[in-house]
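Reading through the structure tokens given below for one structure.
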Amino acid sequence: MATNDNTKAGSGGETHQQVASGGEPEGGLTTNQGIRVSDNQNQLKAGARGPVLLEDFVLREKIFHFDHERIPERIVHARGSAAHGFFECYESLADITKADLFQRAGERTPLFTRFSTVAGGAGSVDTPRDVRGFAVKFYTREGNWDLVGNNIPVFFIQDAIKFPDLIHSVKMEAQTGYPQAASAHDTFWDFISLMPESTHMIMWAMSDRTIPRSLRTMEGFGIHTFRLVNAEGKSTFVKFHWKPKQGVQSTIWDEAVKIAGADPDFHRRDLFEAIDRGDFPEWELGIQAFDQAFADSLPFDVLDPTKIIPEEVLPVRIIGRMVLDRYPDNFFAETEQVAYCPANIVPGVDFTNDPLLQGRLFSYLDTQKSRLGTANFHQLPINAPKCPVMNFQRDGQMQMNAPKGRANYEPNSLAEAGEEGGPRECPMTGFTSFPSPDGVDEQDDKLRIRPESFADHYSQARLFFRSLAAPEQAHLASAIVFELSKVGLEHVRTRMMSNLVNVDPDLAKRVAGGLNMPVPKASKAAMAVQDLDPSPALRIVDGPRAPEDIKGRSIAILVADGSDAKAVATLIGAITGEGARAVIVAPRIGGAKLSDGSVLKADAQLAGYPSVLADAIAVIVSEDGCAALLKEAAAVQFVMDAFGHLKAIGHSAEAQPLLDKAGVVPDEGVVAPDKGFAAAAAKRYWAREPGVRTLA
């Protein structure tokens, strides 16, 4: 839809309680100054499609107070892991942007990337069902550019004024302080069921995207529509995508839960160990670039952050790569003190009037002042630009620079007296904001509304669900059943299912069946739900970015005294030859005495290394070794979990009794180590799933 639509009719389909007979409801909503709030759903904008106004004191007070609620950890994205690396440009993008880092093919720009969960505190675990932050700080020659996004391309809300409400609802419930890092509770689903605009995002949140196998196997997205601007001042709309070179991989819910117990730091450890062994994580940066005419042709508004442009409609153009090759020297100094802000952009990159983005431009800077205690947080080494910084900002708490001379204002004429006069503005090279397109008036009456083009809350949710492979659909439905089963308010469960009927009647039926509740009528939709073409690019299972080999993965080999030395050596060679990591697991950390008398040192003890930590397993044991393992509950569980989590299992003939006790049923994923196990280990065996668990 047109990004310049100035329609004032409609409010995005949101409903508001009306005040009867001109009276005011008891206990009405006010600001902290006691001023009654007329609209707590929408920011004050210059016209329905115009920019958000700084005079919106309701927004500023609400975000300001929210940003200062907790000190010192981040209110959201508190638990994070990060690494240094570089961005390498594949080709010049001078035709669409003047940003320096995109001008020369092969040029590398240093960067620092932080991944994080959203809902949990800094001391929570790595593997809950949650959105993951994906923030990249580029240290360009023109200053720092922060591309601050998530591993999901859409968001829960359209308007930033609702962000405090969203996070309050998903955080621990106020009276109990739990659950930690979990959305399966009343307040979150109460909020979501009352916010139809969240429906698309909740499909993603309940999908396997929010239980990633590794930080290295997540996609990343800028979420919003941005602008690229070239040297001639021409604007091009753009959406940013990070594509992992190792493919997109997830866990199974049962697996994620067990990983949390086995290793709360699983993702953080995986990132560190991959870099430490030289298996550097890598992503390619892609863009969807388009003009106003293309935006006008779409059946949705490109400024709506709850919408995607399917890759089948507009392919992603790969323009460069990111390689993470150095872990932080000090976790606190770098990972904890890094301060990202979407407002940090460079010439050639600019904003749009996406209302969620506009709110984020205000929020982050204020948060950083609260967390780091000083307006000089930008001088910390991890935040400092790698290009010259010259201005007249002085003093302040924890000032780390010592500017010389008395010129701390401008204009000044001290240079005429032979003194240092300081830097000056430069209209030719300085940053200039992109103006409104010629002939387009984005300024209008001051209104708290949303344009009608933002009112379709279900079509893309339907697109997402119907694009998934059958196992992913079952996982999504089962995730909603699990979450709603934790909701004690029956009317919230019913209202949520009413929204799901609009997404897909079969999905609503599966959820209702899992809850043993009737399927309610569909909730009222503000706009007719469209049947958009499915997007196979959204799949993890059998999707275009499904991994094709085992490079970068961990394959666990369970051995015991008497294991065939030649078979073990051959398997290790096959695994490492494919670029994977062979993890030797034995009943004792000292290792096992093999058939040739040699002792193979173990990387992990069986009791402390459950198979949920590996991507596939092999069991190479002798008859006596197998007999001993049959008495070990950890060994039986090791094999049982691998089978239940649909992983490949390689095994020697002597290991068959252990497989039988673990309930392993032969299929194409259960193979002899010398019969193509390395190839088999590259995937999961989804056909096995109906036999090992009940899904919605």
Side-chain angles (χ1 to χ4, degrees), residues 12-17 27 29 37 39-43 58-59 61-70 73-79 116-121 124 128-133 150 152 154-207 210 223 305-306 355-356 359-360 363 367 450 457 461 479-500 503 511 523:
E14 310 303 335
T15 59
H16 306 283
Q17 181 180 1
L29 187 68
V37 175
D39 186 340
N40 189 42
Q41 311 302 314
N42 302 286
Q43 295 161 193
V58 177
L59 166 69
E61 180 194 89
K62 187 175 181 180
I63 296 290
F64 178 84
H65 189 277
F66 173 73
D67 287 342
H68 292 264
E69 284 180 357
R70 291 180 183 86
E73 74 175 32
R74 293 168 173 85
I75 295 177
V76 289
H77 300 279
R79 180 169 182 82
S116 56
T117 56
V118 174
S124 58
R129 179 179 294 281
D130 199 358
V131 181
R132 299 308 194 277
N150 287 330
I152 290 176
V154 292
F155 202 63
F156 289 100
I157 51 176
Q158 296 172 327
D159 204 309
I161 201 170
K162 301 307 298 174
F163 191 71
D165 299 303
L166 166 67
I167 301 305
H168 283 170
S169 76
V170 77
K171 284 283 189 177
M172 302 90 73
E173 295 204 357
Q175 83 284 17
T176 63
Y178 64 78
Q180 169 67 269
S183 57
H185 55 101
D186 286 10
T187 56
F188 175 72
W189 285 97
D190 182 41
F191 177 80
I192 292 299
S193 66
L194 290 167
M195 296 289 289
E197 69 197 64
S198 299
T199 306
H200 188 197
M201 179 66 170
I202 209 65
M203 293 292 103
W204 286 81
M206 293 299 107
S207 78
T210 48
I223 301 173
T306 68
L356 180 63
R360 292 179 72 200
S363 174
T367 299
R450 297 188 197 178
H457 302 319
I480 297 177
V481 169
F482 172 84
E483 298 259 330
L484 292 183
S485 71
K486 303 289 186 180
V487 173
L489 303 175
E490 184 175 344
H491 71 277
V492 172
R493 299 197 299 265
T494 299
R495 185 167 58 228
M496 193 63 225
M497 287 190 290
S498 295
N499 291 343
L500 294 179
V503 177
V511 171
S523 58

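Just so it is clear, the model here is predicted, and its values are computed rather than measured.
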[X] and [Y]: which non-hydrogen atoms are nearest, and at how many Å?
| X | Y | result |
| --- | --- | --- |
| Ser523 | Asn499 | OG-OD1, 2.8 Å |
| Gly121 | Ala78 | C-CB, 3.9 Å |
| Ala181 | Ser124 | CB-CB, 4.1 Å |
| Thr306 | His200 | O-ND1, 2.8 Å |
| Pro305 | Ile223 | O-CG2, 4.2 Å |
| Ile63 | Ala160 | CD1-O, 3.8 Å |

Check for a donor-acceptor pair, side chain of Ser207 on one end and backbone N or O of Trp204 on the other, with a separation under 3.5 Å.
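Yes; at least one donor-acceptor contact below 3.5 Å.
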Main-chain N/O of Phe482 paired to Ser485 side chain as donor or acceptor, under 3.5 Å
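Indeed, once roles are kept as given, a pair shorter than 3.5 Å links the two residues.
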Mind running side chain to side chain contact (heavy atoms under 4.5 Å, CB included) on Ile161 and Gln41 for me, showing each step along the way?
CA-CA 7 Å; Ile161 201 170; Gln41 311 302 314; 5.6 Å; no
[X] vs [Y] side-chain heavy atoms within contact, under 4.5 Å:
| X | Y | value |
| --- | --- | --- |
| Asp165 | Asn40 | yes |
| Arg74 | Val118 | no |
| Asn150 | His77 | yes |
| Met201 | Val131 | yes |
| Thr117 | Arg132 | yes |

Among Glu173, Lys171, Lys486, side chain to side chain contact (heavy atoms under 4.5 Å, CB included) partner for His185:
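Checked Glu173, Lys171, Lys486 against His185; only one passes side chain to side chain contact (heavy atoms under 4.5 Å, CB included): Glu173.
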Roughly how far apart are [X] [atom1] and [Y] [atom2], rounded to 0.5 Å?
| X | Y | atom1 | atom2 | answer |
| --- | --- | --- | --- | --- |
| Arg495 | Asp190 | CZ | CG | 5.0 Å |
| Ser183 | Trp189 | OG | CH2 | 6.5 Å |
| Ile480 | Met206 | CD1 | CE | 7.0 Å |
| Leu59 | Phe163 | CG | CZ | 13.0 Å |
| Glu483 | Ile202 | CD | CD1 | 7.0 Å |
| Ser193 | Arg493 | OG | CZ | 11.5 Å |

From CA spacing to verdict: side chain to side chain contact (heavy atoms under 4.5 Å, CB included), Phe156, Val170
CA-CA 12 Å; Phe156 289 100; Val170 77; over 6 Å; no
Do the ring centers of Phe66 and His168 come within less than 6.0 Å of each other?
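Yes, close enough.
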Which one of Arg450, Gln158, Lys162 satisfies the side chain to side chain donor-acceptor pair (under 3.5 Å) criterion with Asn42?
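Running side chain to side chain donor-acceptor pair (under 3.5 Å) over Arg450, Gln158, Lys162 with Asn42 returns exactly one hit, Arg450.
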Show your working on side chain to side chain contact (heavy atoms under 4.5 Å, CB included) between Met172 and Thr187 and close with a plain yes or no.
CA-CA 9 Å; Met172 302 90 73; Thr187 56; over 6 Å; no
Side chain to side chain donor-acceptor pair (under 3.5 Å) partners for Thr210, two or more places apart
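Scan of Thr210 (side chain to side chain donor-acceptor pair (under 3.5 Å), adjacent residues dropped) gives Arg129.
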